[in-house]
Novice: 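Provided herewith is a single structure, encoded as structure tokens, for subsequent inquiry.
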Amino acid sequence: MIIKKKLINLIFFFLITLIIYFLITKQVIYPTIIPMVKNGVLNLFADWNVILNANLCLEKGFDVYINNPCDPWGRKHVYGQILLNIPFVETFSKFYFVIFPILINLLFIYIVINFFEFKNLVEYFVIFLFIISPSVILAIERANIDIIIFLLTIYISYNKKIFLNYLFIIFAALSKFYPITLVSIFLFEKNLKKISLNLLFVITIILIIYFFQLEEINKIFSNSKQFKATRIYNFSFDGFLFYIMNLKVIINKQDYNWVKYLIIFIFFILPLIITLKQRLRFILENKNIQGLYLENIYENRLYILSTIIILTCYFSFSNFIYREIFFLGLIPWILKQKKIISEENFFNFYFYALCAKFFITSVLIYLSLNEILPQYDPLITLIKHCLDLYLITIVLIIFFSSFKSFFKHYVL
């Protein structure tokens with residue numbers, strides 16, 4: 001049975017890989033994925049390449065946080081200093097610029113496929129809702145470093161060797177700021193003393209390194225506009241609020257601003273009220289949710305790490321939609337709970353709510369970027385923001401419910 005499942009996953013992996021290859025090489029994904037074109041040349045793996053180009057420019061004596069002429073778009077380096085120490089970039093340029101990002105993308109796709117454990121082949125179609133979504137395809141097409149951080153998150157969730165987790169958490173936190181939240185893996189330790197010592201040790205090391213890199217960090221934040229998403233490519237609470245406050249609905253010189261509040265009610269407030277009425281008691285009382293922190297297994301660890309990253313990024317940064325790939329980290333735990341309990345349960349709803357979010361927002365992004373209904377584009381973008389906030393709210397409630405149990409168990 002296990003061999004059969006692995007064979008099916010392998011076949012499905014090749015199928016999806018071929019589909020993605022076709023979508024990119026035949027440029028079907030554009031302009032849903034905004035192409036990075038310079039002088040008529042399409043630049044694949046642009047987010048990864050900017051890191052490599054920064055390494056090349058650094059060797060030539062440029063301060064890549066201020067000036068990075070090696071990059072086709074002149075984008076300044078906005079990552080941690082640790083990513084400026086990649087060896088032999090020029091010598092092994094083909095490997096770094098082409099082979100490495102392809103390998104990372106293939107590993108990412110294969111692992112995500114293995115998240116799903118369905119009963120029949122037809123149900124594997126659900127994977128397409130996730131992998132062939134703009135947020136995932138954007139991350140793959142750009143070879144964004146979030147994919148590497150996502151893979152590290154999976155490894156840390158599997159691994160229980162403290163020293164290795166130290167190393168990978170420190171590396172990730174020195175690459176970007178938000179992976180410092182990976183220290184939450186230590187909340188799964190058996191007692192409060194171990195939890196405290198591990199948290200203190202790793203956070204202290206990271207902060208000390210940050211202290212010696214204050215100048216570079218200040219330069220990164222001075223370039224913050226460079227990595228801020230806007231409109232339908234934005235995934236953040238800040239983007240949601242900004243969009244609501246600045247959106248003016250004017251039709252034939254008439255003020256129709258009430259329409260945006262109607263959309264917020266239909267696509268966020270009303271679904272949330274219905275969900276809380278039907279599901280809140282279950283979320284607050286379910287033992288599997290209460291035991292998320294208390295059972296130190298892979299699915300629980302990955303769910304919590306992914307949740308904390310999603311919530312931290314959504315409420316603290318202005319993200320591009322590729323940060324949504326961390327929603328995939330919720331799937332193994334949700335599917336496990338879906339199997340344990342009967343089909344008609346909260347976890348069934350939770351999984352399909354996640355599927356619906358990816359599917360509907362994919363359609364909305366396609367409509368917006370391809371200018372199919374340009375007159376309604378502002379409202380399409382608002383609907384996408386509302387769906388984001390709806391799902392984030394559910395994730396947040398589950399997180400607080402599980403953390404409440406953790407607090408009672410270890411602190412009270």
Side-chain angles (χ1 to χ4, degrees), residues 2-30 32-33 35-36 42 44-49 51 95-118 121-158 168 172 235 298-299 302-303 305-306 309-310 320-335 351 354-355 357-359 361-362 365-366:
I2 296 175
I3 296 174
K4 182 180 177 181
K5 181 186 181 301
K6 288 184 177 180
L7 181 60
I8 292 172
N9 284 357
L10 191 61
I11 294 171
F12 206 67
F13 164 72
F14 283 118
L15 177 63
I16 289 183
T17 301
L18 287 173
I19 291 172
I20 293 175
Y21 174 78
F22 171 81
L23 292 175
I24 293 176
T25 56
K26 299 300 181 181
Q27 302 190 12
V28 178
I29 62 171
Y30 308 112
T32 307
I33 303 303
M36 301 291 284
L42 177 66
L44 286 177
F45 311 139
D47 287 353
W48 173 245
N49 289 349
I51 296 171
F95 170 78
Y96 281 118
F97 281 92
V98 180
I99 298 174
F100 180 77
I102 289 175
L103 291 176
I104 290 296
N105 281 331
L106 290 175
L107 180 60
F108 169 68
I109 295 168
Y110 182 76
I111 287 176
V112 170
I113 288 173
N114 280 272
F115 280 169
F116 296 83
E117 296 183 5
F118 289 127
L121 286 174
V122 176
E123 291 181 324
Y124 272 83
F125 177 75
V126 177
I127 300 177
F128 283 100
L129 297 177
F130 296 98
I131 296 182
I132 312 297
S133 65
S135 52
V136 175
I137 292 293
L138 177 65
I140 291 172
E141 195 268 355
R142 296 281 198 274
N144 189 270
I145 194 173
D146 280 12
I147 289 180
I148 296 177
I149 294 172
F150 179 79
L151 295 174
L152 288 176
T153 302
I154 294 170
Y155 177 80
I156 291 168
S157 301
Y158 265 119
F168 286 118
F235 174 71
Y298 157 68
E299 292 88 353
L302 180 58
Y303 182 92
L305 290 183
S306 300
I309 287 175
I310 290 167
F320 279 89
I321 56 172
Y322 46 60
R323 201 63 54 82
E324 295 179 13
I325 65 173
F326 286 96
F327 277 117
L328 298 172
L330 309 182
I331 290 172
W333 180 78
I334 295 174
L335 288 182
F351 176 70
L354 194 58
C355 292
K357 179 266 186 292
F358 269 77
F359 174 71
T361 56
S362 294
I365 293 170
Y366 178 82

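Hydrogens, waters and symmetry mates are skipped; everything else that's a heavy atom, side chains included, is used. Numbering starts at 1 and runs along the sequence shown.
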Novice: Can you check whether Ile140 reaches Ile109 side chain to side chain, under 4.5 Å on heavy atoms?
Specialist: yes

Novice: Quick check on ring pair (Phe, Tyr, Trp, His ring centres under 6.0 Å): which of Tyr298, Phe351, Tyr303 does Trp333 satisfy it with?
Specialist: Tyr303

Novice: Just wondering, do Arg142 and Phe320 contact through their side chains at under 4.5 Å, heavy atoms?
Specialist: no

Novice: Give the table of side-chain donor-acceptor pairs shorter than 3.5 Å for residues 144-154, with sequence neighbours excluded, one pair per line with atom names and distance.
Specialist:
unit_1 : atom_1 : unit_2 : atom_2 : d
Asn144 : OD1    : Asp146 : N      : 2.8
Asn144 : ND2    : Asp47  : OD2    : 2.7
Asn144 : ND2    : Tyr322 : OH     : 3.3
Asp146 : OD1    : Lys176 : NZ     : 2.9
Asp146 : OD1    : Tyr178 : OH     : 3.0
Asp146 : OD2    : Arg323 : NE     : 2.4
Thr153 : OG1    : Ile149 : O      : 2.8

Novice: When you compare the side chain of Phe115 with that of Leu302, does any pair of heavy atoms fall below 4.5 Å?
Specialist: yes

Novice: Can you find a pair of side-chain heavy atoms, one from Leu15 and one from Ile11, that are under 4.5 Å apart?
Specialist: no

Novice: Nearest heavy-atom pair of Phe235 and Ile310: which atoms, and what distance?
Specialist: CZ-CG2, 4.4 Å

Novice: Do Val112 and Ile331 have side chains that get closer than 4.5 Å, going by heavy atoms?
Specialist: no

Novice: Would you mind reporting whether Cys355 and Phe130 have side-chain heavy atoms less than 4.5 Å apart?
Specialist: yes

Novice: Are Phe45 and Ile102 packed together at the side-chain level, in the sense that at least one heavy-atom pair is separated by less than 4.5 angstrom?
Specialist: yes

Novice: Dump the intermediate steps for ring-ring contact (aromatic ring centres under 6.0 Å, His included) on Phe128 and Phe12, then the final yes or no.
Specialist: CA-CA 11 Å; Phe128 283 100; Phe12 206 67; 5.5 Å; yes

Novice: State, with a plain yes or no, whether a side-chain heavy atom of Ile20 is found less than 4.5 Å away from one of Ile132.
Specialist: yes

Novice: Heavy-atom count check: over 12 atoms from other residues, nucleotides or ligands less than 6.0 Å from Tyr366 OH?
Specialist: no

